[in-house]
Amino acid sequence: MARLLRPIIAALAVMLAGTWHPACAASPPEQRNDGWAVAAPETAGFDPAALEALAEDIPRGGYGNIHAVLVEHDGRLVFERYFQGTDEMSGQIMLGTVRFGPDNLHDLRSVTKSVVALLLGVAVGGEYGQALDAPISTYFPDIEGRFSEGVRRVKLRHVLTMTAGLQWNEMYLPYTNPDNDANRMYGVHDPVVMVLARPVQDPPGTRWNYSTGLSQVVAGLIERRTGKKLRAYADEVLFAPLGIVTYEWLGARKWGVGGPPAGGSGLRLRPRDLAKIGSLMLHDGVWRGRQVVPAEWIALARQRAVETIPSSPDGTYGYGFTWYPGRLKDGSDLEVFGAKGNGGQRLYVVPARHLAVTVLAGMYNQRSKGEVERLFRQVLAAQQVVR
């Protein structure tokens, strides 16, 4: 991500972090005071030897530059491994080789979009049909006159499903290219105006076109609807209920110190805290008995609004409200949905297996060879008894 604010102290903390010593695969993850219950993998039907073999194979490079793998089964962490690899912060600070552990903050990149969508579900507060079918321009009445004329046809549901039809070039230029529209957005004072002033080139709802700008629009909508800054609102309704106290949410320099964070890619969480987001999706918005995100919104977010997307040409994954619903085509026909971020950041949720898998990695701006997907399938294969 270009032109983001850079917290140097946090970067130094990453490089100076102590070594984390993992347990063997047959042991439960470490019990820490972070809200997670833990259990041995065999209690979830996993073959510990298969998980150990996977953990030994990852450092050999067969799955790329993997930094962390965590597996939840039905509310308990049953597997947690960290690895050594090169990393960076928001594409600006090269951190060199880092030996990762549970206390390291990590870029989520576009998984941020999926977190912002959950915040929207709380902010909307149950008026989902009306809110989703409202023109996006009506959420910004004071600046609506600066939007392109066709934006009046774009509904909130189109924004969430990346089918707004707005002119936007992000999929076909690398993020290292300054002409990528996501990079251009970080150089303007008002990103919402920049995005919604673009002409509508396709009828809304007809074509999927990936846009970090649309998630920035959602971030702006949340602030206007709640009357609170996005970070403060996230603290109140999502992070505090999940016990997330250490995080960073970076924003563009051009937006100023008090400006919004990057709603499409700026969030940095610790691995166990990201796993809590996956757990929310697995448990219909509930964490430790508390309904954090409305169950109705979770159900809407994981619906397949777009059947096929370019990154999944075989049709395994589609697109929902910035989440990726799918169905595996390996003979299992398992329903899976998840979140994806540049570099191999992934959340996978498999309801029928009671599993949520979290992966953090450092393959930023590299063309995917399916490494993380293969890793996920190996985790599934290691669960030999479904419980």
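We use all heavy atoms of the structure for the numbers below, so side chains are in, but hydrogens, waters and symmetry mates are not.
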Sequence neighbours excluded, the answer for side-chain contact (heavy atoms from CB on, under 4.5 Å) partners of S279 is W36, E72, H283, W287
I'd like to know if the side chain of [X] and the backbone of [Y] have a donor-acceptor N/O pair within less than 3.5 Å.
| X | Y | answer |
| --- | --- | --- |
| T138 | P135 | yes |
| R327 | D333 | yes |
| N183 | N177 | yes |
| S368 | G370 | yes |
| K276 | L242 | yes |
| K254 | V188 | no |
| R157 | D133 | no |
| D107 | S90 | yes |
| R288 | G75 | yes |
| H67 | T86 | yes |

Practice item. Carefully, step by step, assess Y233 and V122 under the rule side-chain contact (heavy atoms from CB on, under 4.5 Å). Key: CA-CA 10 Å; Y233 188 67; V122 180; 3.4 Å; yes
Under 4.5 Å between any side-chain heavy atoms of [X] and [Y], yes or no?
| X | Y | result |
| --- | --- | --- |
| D330 | R377 | yes |
| R184 | D179 | yes |
| Y364 | N65 | no |
| L230 | P260 | no |
| M162 | E170 | no |

Geometric class of the W297/Y128 ring pair [parallel <30°, tilted 30-60°, perpendicular >60°]:
tilted
Quick check, are the ring centers of F79 and F46 under 6.0 angstrom apart? no
Margin query: Determine whether the aromatic ring centres of residues F337 and Y324 are separated by less than 6.0 angstrom.
Written below: no
Would you kindly say whether Y172 and N209 are connected by a side-chain donor-acceptor distance under 3.5 Å?
no
(Q) Could you check whether Y210 and S110, counting side-chain N and O atoms only, form a donor-acceptor pair closer than 3.5 Å? (A) yes
Candidate pair D235 and K228, rule salt bridge (charged side-chain N to carboxylate O under 4.0 Å, His left out), full reasoning: CA-CA 11 Å; D235 280 337; K228 299 177 181 179; over 6 Å; no
Looking at [atom1] of [X] and [atom2] of [Y], how far apart are the two atoms once the value is rounded to the nearest 0.5 Å?
| X | Y | atom1 | atom2 | value |
| --- | --- | --- | --- | --- |
| I58 | Y63 | CD1 | OH | 7.0 Å |
| D47 | Q384 | CG | CD | 4.5 Å |
| E248 | R270 | CD | CZ | 11.5 Å |

Hits for side chain to side chain donor-acceptor pair (under 3.5 Å) against K229, two or more places apart or cross-chain, chain-then-number order -> none
Using the side chain to side chain contact (heavy atoms under 4.5 Å, CB included) rule, pick out the option among [options] that qualifies with [X].
| X | options | value |
| --- | --- | --- |
| L221 | V116, V124, T226, I136 | I136 |
| Y82 | V69, L70, I66 | L70 |
| L120 | T322, V115, I222 | I222 |

Exercise answer: donor-acceptor pairs, residues 340-362 side-chain atoms, under 3.5 Å, sequence neighbours excluded:
{"from": "N342", "atom 1": "OD1", "to": "N365", "atom 2": "N", "distance (Å)": "2.8"}
{"from": "N342", "atom 1": "ND2", "to": "N365", "atom 2": "OD1", "distance (Å)": "2.9"}
{"from": "Q345", "atom 1": "OE1", "to": "A361", "atom 2": "N", "distance (Å)": "3.0"}
{"from": "Q345", "atom 1": "NE2", "to": "N342", "atom 2": "O", "distance (Å)": "3.1"}
{"from": "Q345", "atom 1": "NE2", "to": "A361", "atom 2": "O", "distance (Å)": "2.8"}
{"from": "R346", "atom 1": "NH1", "to": "G341", "atom 2": "O", "distance (Å)": "3.2"}
{"from": "Y348", "atom 1": "OH", "to": "E373", "atom 2": "OE1", "distance (Å)": "3.0"}
{"from": "R353", "atom 1": "NH1", "to": "L380", "atom 2": "O", "distance (Å)": "3.2"}
{"from": "R353", "atom 1": "NH1", "to": "Q383", "atom 2": "OE1", "distance (Å)": "3.0"}

Quiz item: cation-pi between R224 and Y139, 6.0 Å / 45°: no
*asked:* Is it the case that over 12 heavy atoms from other parts of the model lie below 6.0 angstrom from the CD atom of Q31?
replied: yes
Considering residues, nucleotides and ligands other than Q130, do more than 12 of their heavy atoms fall under 6.0 Å from its CD? no
Applying a strict under-4.5 Å side-chain criterion to I, L, V, M, F, W and Y, I'd like to know whether V154 and I143 cluster together. yes
- Same apolar cluster: Y247 and V293, side chain cutoff 4.5 Å: yes
Given R32 and E80, is the salt bridge (charged side-chain N to carboxylate O under 4.0 Å, His left out) satisfied, shown in steps? CA-CA 12 Å; R32 298 165 65 93; E80 177 183 27; over 6 Å; no
